[in-house]
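See below for the structure under consideration.
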Amino acid sequence: MYFYGTTGVNKNGNLEIGGVDAIELTQSFGTPLYVYDVALMRERAQGFKRAFEEQNIKAQVAYASKAFSTIAMIQLAEEEGLSLDVVSGGELYTAVAAGFPVERIHFHGNNKSRDELEMALDNRIGCIVVDNFFELELLNTICLEKKASVNILLRVTPGIEAHTHDYILTGQEDSKFGFDLQNGQAEEALKMALHFEYLEVLGLHCHIGSQIFETTGFLLAAQKIVEKMDVWKKKLSFEAKVLNLGGGFGIRYTKEDEPRPPSQYVSEIIREVKILTEQFSLEMPEIWIEPGRSLVGDAGITLYQVGSSKEVPGVRKYLAVDGGMSDNIRPALYQAKYEAVLANKPLDKPNETVSIAGKCCESGDMLIWDLPLPEAGEKDILAVFCTGAYGYSMSNNYNRIPRPAVVFVENGKAALVVKRESYEDLIRYDIPLK
Ligand SMILES: *Cc1c(COP(=O)(O)O)cnc(C)c1O
């Protein structure tokens, strides 16, 4: 048994998060319920920031808000002095509505629409990460129309794809994102961008994958890009002020996962970029990173009410909860693995192995396979750990199941930050035939 952050067991023998009893949370706010440990999110943010500050490196730590984008979360990112990545008009709208400082917003995406680019320019956001030639030309056209300048980074694909336990070197990366670094696309894009008077090229960006445990992929990517920075300085007199190495830092979902602490990813990246820039006599650029999952993932816990069960003799026992792929699609989508306990008796010894099913009409709607658990029934609350990233943000209304509420807990207090959807909400956009 292990817990993250402020999660533990209180004197009632119940799971406690941020000093608040998990069972009381379900009584106040219902189930399923997303609960976030605010202190842990602050700690994660500060961990990344401190790692740069300790070495006096100019940096921006941008929260990749697609992991969990709500007004309260964006305000928390603001409080912690983070920057913010958005990947759509909707995420940008949320950030602006939350009052996030626009100069610290970065806009990503491989198919930003004219409307979205105009929205970004009208809001004078800090930087647009340009992904492809179509966007480069479109952005230039809009800037000319509006006589508006904008900072950009060019997203490049360095030919490195990182996965949880390994990374793949591909000469020419087969990816829908970015300008290829090896085949000359990136250089051509840079030449064009330098030629466009309203575009200010701050530097280069790459993002090599997600849930990465090793540092090697980041270091290799840095190496490939800094080599090109040297070429482009000589050839085009271009000096990158910013090197953005993206996000993808792994977290521990289960005992099998062994991520590095944020400080280790950061210090190894700094060390490598220092060595490389000294080797090529380049100015040390600002280093930007974009953690999403690693800022919010392990701070989130989903609480479910246990319901029906089904025994398949000699095969397995299914235990169903009152949510599923509508609030957490990651097991169905990526075979993602989670740990869970009964929130009302987290220390009881498991005496059976069960598989946790959702309530959606799909056989694939399973949350956890083969989970050791004490015998559980309708009075029990199941707490699934590490659901803070890509849970709520990928939630959906399949089977017309309303989205759960979200609460933030900190110092013994709970704050509702997203209301539970109602049945009326579900039919709000339906137009009757008569
Ligand atoms: C998704 C994404 C991130 C964040 O990835 P995590 O795995 O959540 O850290 C960062 N940068 C870009 C460009 C992304 O698309």
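Order of appearance sets the numbers: ligands from 1, and atoms from 1 within every ligand. Bear in mind that the values here come from a model prediction, so they are computed numbers and not experimental data.
- Between His205 and His106, the ring centre distance reaches or exceeds 6.0 Å.
- At a threshold of 4.0 Å, the pair Lys241-Glu200 counts as salt-bridged, since one of the basic side-chain nitrogens sits closer than that to a carboxylate oxygen.
- Between Asp230 and Lys233 there is no salt bridge, since none of the side-chain N atoms of the basic residue sits less than 4.0 Å from a carboxylate O of the acidic one.
- Each ring pair (Phe, Tyr, Trp, His ring centres under 6.0 Å) pair with one or both residues in residues 117-153, not counting sequence neighbours, appears once here: Phe133-Phe179.
- In this structure, Lys146 pairs ionically with Asp122, as a charged nitrogen and a carboxylate oxygen lie closer than 4.0 Å.
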Atom pairs and distances, ligand 1 N/O vs protein N/O under 3.5 Å:
from: ligand 1; atom 1: 7 (O); to: Ser210; atom 2: OG; distance (Å): 2.4
from: ligand 1; atom 1: 8 (O); to: Arg293; atom 2: N; distance (Å): 2.7
from: ligand 1; atom 1: 8 (O); to: Tyr390; atom 2: OH; distance (Å): 2.6
from: ligand 1; atom 1: 9 (O); to: Gly248; atom 2: N; distance (Å): 2.8
from: ligand 1; atom 1: 9 (O); to: Gly292; atom 2: N; distance (Å): 2.9
from: ligand 1; atom 1: 11 (N); to: His207; atom 2: ND1; distance (Å): 3.4
from: ligand 1; atom 1: 11 (N); to: Glu290; atom 2: OE1; distance (Å): 2.7
from: ligand 1; atom 1: 15 (O); to: Lys66; atom 2: NZ; distance (Å): 2.7

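- Using a 4.0 Å cut-off between charged side-chain N and carboxylate O, Glu339 and Lys255 make a salt bridge.
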